[in-house]
Amino acid sequence: MSSHQTILELDDASVMRDGRYILDGLTLAIHCGEHTAIIGANGSGKSTLMKLLTLQHYPLAHVDGTPSVRVFGRERWDVFALRRQLGIVSSDMHLALLDAHAVNHLSALDIVLSGFFASLGYFEQAQIDDSMRERAYAALNNVGALALAQKSLDCMSTGEARRVLIARALVHEPQALILDEPTTGLDLVARFGFMQIVRNLARQGRTVILVTHHFDEVIPEIQRVILLRHGRIAADGAKAEVLQSASVSAAFEHAITLHESHGYYHAQLGG
Ligand SMILES: Nc1ncnc2c1ncn2[C@@H]1O[C@H](COP(=O)(O)OP(=O)(O)OP(=O)(O)O)[C@@H](O)[C@H]1O
C-alpha cells in the first residue's frame with residue numbers, strides 16, 4: 001500500500017449526542033505510515049474520533065450529500081472487513097473481556113485467534129486451520145508473549161493481558177494499529193514495556209494511531225500530534241511544534257510545562 005494512501009479523512013465531520021456537539025467540524029487526514037498521537041483532556045472527544053475511524057459512530061450528514069468520513073479512501077465499509085484492516089487495542093476492550101464470563105477463561109492463544117473473526121473470544125475451533133494457529137503464535141512472539149499462549153486471561157496480570165490484546169490486534173496483519181488509552185491500569189514498568197512493543201511495531205512499518213492523555217507515551221516514532229479541545233482541533237502538526245507548553249496549556253485549560261528529553265515529553269502542572 002502506498003504511504004500516500006489515507007487511513008482516515010474527515011471533512012467537516014461533526015457528531016452530536018444529547019443535543020450537543022461532541023465533535024464539531026473536524027477536518028483532517030491521517031496517511032498510512034504517519035504515526036500520530038491524539039491528545040486531549042477527558043471528554044475532549046478522543047474516543048469519539050476513534051469511533052468514527054472504526055465506524056462505531058456516524059457523523060452528521062452533510063446537506064450536499066458529500067461524505068464527511070472516509071476510511072482507507074472509502075465512504076462505505078462492511079464493518080468486519082474494515083476491522084481486518086485495523087488492529088484495535090483499548091482498555092475498554094480488556095474490561096469487556098474480563099466481564100464476559102463466556103470468554104475470560106480462554107487461553108491467550110484463543111483470544112489472539114478470535115482476532116481473525118473480528119470478535120473478542122468468540123469463534124468455532126473448527127474454523128481454525130494450522131496457518132491461522134501459526135500466525136497467532138507469531139503474533140504472540142512478536143510482542144514477547146509466547147510463554148502466555150496457554151494461560152487463561154483471568155489468570156494474567158493486566159500488563160500480560162494487554163500484550164495479548166496487541167497480539168490479537170496484529171494477527172490479521174492490519175494496516176494500522178489503533179491504541180485507545182492502551183496503558184490504563186498498567187504499572188510504570190509494564191507501561192514502559194508496552195510502549196517499547198509499540199515502538200518496535202511502528203519501526204516494523206505498522207502505522208500507529210495513539211489516543212492518550214499521557215505526554216510521556218508519545219514515543220519518538222510518532223511524528224504528528226493532534227490536540228483536541230471540546231470536540232475541536234486545538235492544534236495539529238509536527239510533534240515538536242504542537243507539543244509546546246503554550247498549546248497544551250490552552251488545550252487542557254490549565255498551565256502545563258512540557259519538557260523534552262531524549263525524544264520523550266514530560267509534563268508538569270504549572271507555568
Ligand atoms: N453516547 C454518548 N452519549 C452522550 N454523550 C456522549 C456519548 N459518548 C460520549 N459522550 C460525551 O462526548 C464527550 C466526548 O467523549 P469522549 O469519550 O470522546 O472523550 P475522550 O476525550 O475520549 O474522554 P476520556 O479521556 O475521558 O476517555 C464527553 O463529554 C462525553 O460525555
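If you read the sequence from its start, that first residue is 1, and numbering goes on from there. Only this structure's heavy atoms are used, side chains among them; waters, hydrogens and symmetry mates stay out. Small disclaimer: the values here were computed from a predicted structure and weren't measured. Indexing begins at 1, ligand by ligand and atom by atom, following the structure's order.
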Between [Y] and [X], do the side chains contain a donor N or O and an acceptor N or O under 3.5 Å apart?
X	Y	value
Asp129	Ser131	yes
Asp180	Ser47	yes
Thr183	Glu217	yes

Check: Just which atoms of ligand 1 are under 4.0 Å from any heavy atom in Glu181?
Finding: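 Reading through ligand 1 atom by atom, the close ones are 24 (P), 25 (O), 27 (O).
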Item checked: Per-atom contacts of ligand 1 with Lys46, taking only distances under 4.0 Å to non-hydrogen atoms ->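 Under 4.0 Å from Lys46, ligand 1 has these atoms: 18 (O), 19 (O), 20 (P), 21 (O), 22 (O), 23 (O), 24 (P), 25 (O).
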Does ligand 1 have any atom sitting under 4.0 Å from a heavy atom of [X]?
X	value
Ala41	yes
Gly40	no
Met50	no
Lys51	no

Check: Would one find an N or O of His57, backbone or side chain, under 3.5 Å from an N or O of ligand 1?
Finding: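 The answer is no, given that His57 and ligand 1 share no N or O pair closer than 3.5 Å.
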Next item on the list: Would you please classify the geometry between the Phe252 ring and the Phe215 ring as parallel, tilted or perpendicular, with 30° and 60° separating the classes?
Entry: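 Tilted, since the angle between the ring planes falls between 30° and 60°.
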Check: Which bit of Ile22 is near ligand 1, meaning a heavy atom under 4.0 Å away: side chain, backbone, both or neither?
Finding: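 Just the side chain.
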Among all protein heavy atoms in this structure, tell me which lies nearest to [atom], with the distance rounded to 0.1 Å.
atom	value
atom 17 (O) of ligand 1	Ser47 CB, 3.8 Å
atom 5 (N) of ligand 1	Arg17 CB, 3.7 Å
atom 13 (C) of ligand 1	Gly43 O, 3.6 Å
atom 16 (P) of ligand 1	Thr48 OG1, 3.6 Å

Next item on the list: Decide salt bridge (Lys or Arg N to Asp or Glu O under 4.0 Å) for Asp236 and Arg224; before the verdict, give the C-alpha distance in whole Å, the side-chain angles of both, and the deciding distance to 0.1 Å.
Entry: CA-CA 7 Å; Asp236 176 5; Arg224 175 181 178 188; 2.8 Å; yes
Notebook entry, point to check: How close do Ser261 and His266 get, heavy atom to heavy atom, and via which atoms?
Noted result: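 Where Ser261 meets His266 most closely, the heavy atoms are CB-CD2, 4.4 Å.
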Notebook entry, point to check: Backbone N or O of Ser107 within a donor-acceptor pair of the Lys151 side chain at under 3.5 Å?
Noted result: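 Here the side-chain-to-backbone pair does not exist.
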Item checked: Nearest option to atom 30 (C) of ligand 1, as decided by whichever heavy atom of Arg229, Arg20, Met16 sits closest ->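 Looking at heavy atoms only, the winner is Arg20.
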Checklist line | Test item: Ile178 and Leu210 side chains (from C-beta on) under 4.5 Å apart, heavy atoms | finding: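 With C-beta onward as the side chain, the pair stays apart.
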